[in-house]
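Let me begin by presenting the structure, written as structure tokens, before commenting on it.
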Amino acid sequence: MNDDTAADASASKARAFLTLHRNLPREGPGEPADIEWLGRQIELPENALICDIACGPGADIGPLLELAPGASVVAIDHNPQFLGQLADVWTGDPRVDVRLADMSEPGGRYDLIWCAGAAYFLGVSEALKGWRKSLNSGGVIAFSEPCFWNDPPSEIVREIWSGYPDMSGEAGIAERVRAAGFETIATRRLADSAWEAYYGPLLERMSELHEGADDTLRAVLRDAAAEIAAWNEYGDEFGYLLSVVRPSE
Ligand SMILES: C[S@@+](CC[C@H](N)C(=O)[O-])C[C@H]1O[C@@H](n2cnc3c(N)ncnc32)[C@H](O)[C@@H]1O
């Protein structure tokens with residue numbers, strides 16, 4: 001395959017991915033109960049400034065606004081399709097500011113940085129080190145991260161996650177948090193219902209698109225089906241760990 005053909009193939013795969021993910025309520029496992037739990041672990045000021053980094057289509061914005069009476073949320077993502085979706089819901093609400101930006105540079109100063117299922121794009125330690133300058137004094141970061149529940153993981157589960165070589169067990173995540181100069185305040189394993197909140201609508205969308213899909217979309221549908229099948233079969237061996245952390249000095 002020459003460079004042009006490879007670039008065309010990758011662009012049509014990206015388009016097929018966006019077709020599959022159009023109008024899904026969320027882009028990874030998570031549910032309001034996670035944010036309610038977070039609210040019980042921390043004390044936020046009344047007018048808390050919150051940043052939802054890599055917000056996707058914005059499913060977490062409503063629950064984040066509930067964390068404090070005068071809370072406001074800056075929602076950042078680099079994907080215009082997802083931001084368009086959440087703008088349909090939040091445009092005109094003065095509590096929500098939607099920004100097309102890179103997650104490595106959230107800017108601003110926040111009492112809470114929330115990142116559901118995306119810190120791994122930067123690496124946990126790199127993400128925390130980079131976001132530290134965007135924390136107000138006393139501020140905290142909460143992020144969810146893929147995690148092996150068995151440490152070491154079984155060979156098959158290691159293979160399923162071979163695309164993410166840094167993935168570890170809970171102790172490994174705590175170690176990466178420490179290495180970034182942070183301490184862990186609390187952790188929570190995301191429940192099955194958090195995965196169902198993502199995979200349920202995704203499965204519905206997959207069945208709508210099945211008929212009439214071209215080869216590229218069919219391949220994307222196959223990958224999604226394989227991911228869901230892996231979770232159905234081995235989901236008791238891995239999941240997402242939500243960690244609440246603050247600078248240690
Ligand atoms: C697994 S999804 C999670 C989305 C959302 N937090 C949720 O739970 O529905 C990861 C998100 O990270 C965003 N993303 C990936 N790399 C990014 C970057 N460099 N800057 C901003 N957003 C990024 C993607 O567009 C996507 O919305």
Side-chain angles (χ1 to χ4, degrees), residues 10 13-38 50-65 67 73-90 96-108 110 112-124 126-131 134 141-147 161 163-164 166-167 188-205 220 223-224 227-228 230-231 238-244:
S10 132
K13 193 169 178 195
R15 273 196 302 277
F17 178 86
L18 288 176
T19 299
L20 173 59
H21 288 259
R22 183 165 299 129
N23 290 333
L24 294 181
R26 57 178 315 122
E27 281 299 317
E31 59 180 340
D34 299 326
I35 294 173
E36 288 154 20
W37 169 86
L38 168 64
I50 301 172
C51 187
D52 183 355
I53 291 187
C55 59
D60 293 332
I61 294 175
L64 288 171
L65 286 169
L67 287 177
V73 172
V74 173
I76 287 175
D77 204 282
H78 71 170
N79 184 311
Q81 175 172 305
F82 299 151
L83 292 186
Q85 236 177 284
L86 77 88
D88 287 346
V89 178
W90 294 106
V96 179
D97 180 357
V98 178
R99 295 185 192 163
L100 180 71
D102 194 275
M103 63 190 284
S104 57
E105 288 297 335
Y110 304 99
L112 167 64
I113 289 178
W114 168 259
C115 182
Y120 66 88
F121 286 116
L122 300 175
V124 168
E126 292 70 17
L128 295 179
K129 281 189 221 160
W131 296 340
S134 293
I141 298 177
F143 67 96
S144 62
E145 166 74 4
C147 184
W161 284 91
Y164 183 31
D166 282 353
M167 182 159 159
R188 164 186 170 92
R189 291 182 178 195
L190 266 55
D192 284 356
S193 43
W195 288 81
E196 286 151 10
Y198 173 45
Y199 283 155
L202 182 60
L203 275 167
E204 266 180 47
R205 182 95 179 117
V220 166
D223 287 352
E227 182 190 314
I228 296 171
W231 180 71
F238 66 83
Y240 271 74
L241 187 73
L242 176 58
S243 296
V244 188

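These figures come from a predicted structure and were not determined experimentally. Each ligand, and each atom within it, is numbered from 1 in the order the structure gives.
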Between Phe17 and Val220, the two heavy atoms sitting closest are CA-CG1, 4.1 Å
Considering only heavy atoms, which protein residues lie less than 4.0 Å from any atom of ligand 1?
-> Arg26, Glu27, Gly28, Ala54, Cys55, Gly56, Asp77, His78, Asn79, Phe82, Ala101, Asp102, Met103, Ala116, Gly117, Ala118, Phe121
Value rounded to 0.5 Å, distance of CG in Leu20 from CG in Leu202 = 5.0 Å
For the atom pair OH (Tyr110) and SG (Cys51), what is the distance rounded to the nearest 0.5 Å?
-> 4.0 Å
Does some side-chain heavy atom of Asn79 sit less than 4.5 Å from a side-chain heavy atom of Leu18?
-> yes
Mind running side chain to side chain contact (heavy atoms under 4.5 Å, CB included) on Leu112 and Leu38 for me, showing each step along the way?
-> CA-CA 10 Å; Leu112 167 64; Leu38 168 64; 3.9 Å; yes
Kindly determine whether Trp114 and Ile61 satisfy side chain to side chain contact (heavy atoms under 4.5 Å, CB included), including the steps that lead there.
-> CA-CA 10 Å; Trp114 168 259; Ile61 294 175; over 6 Å; no
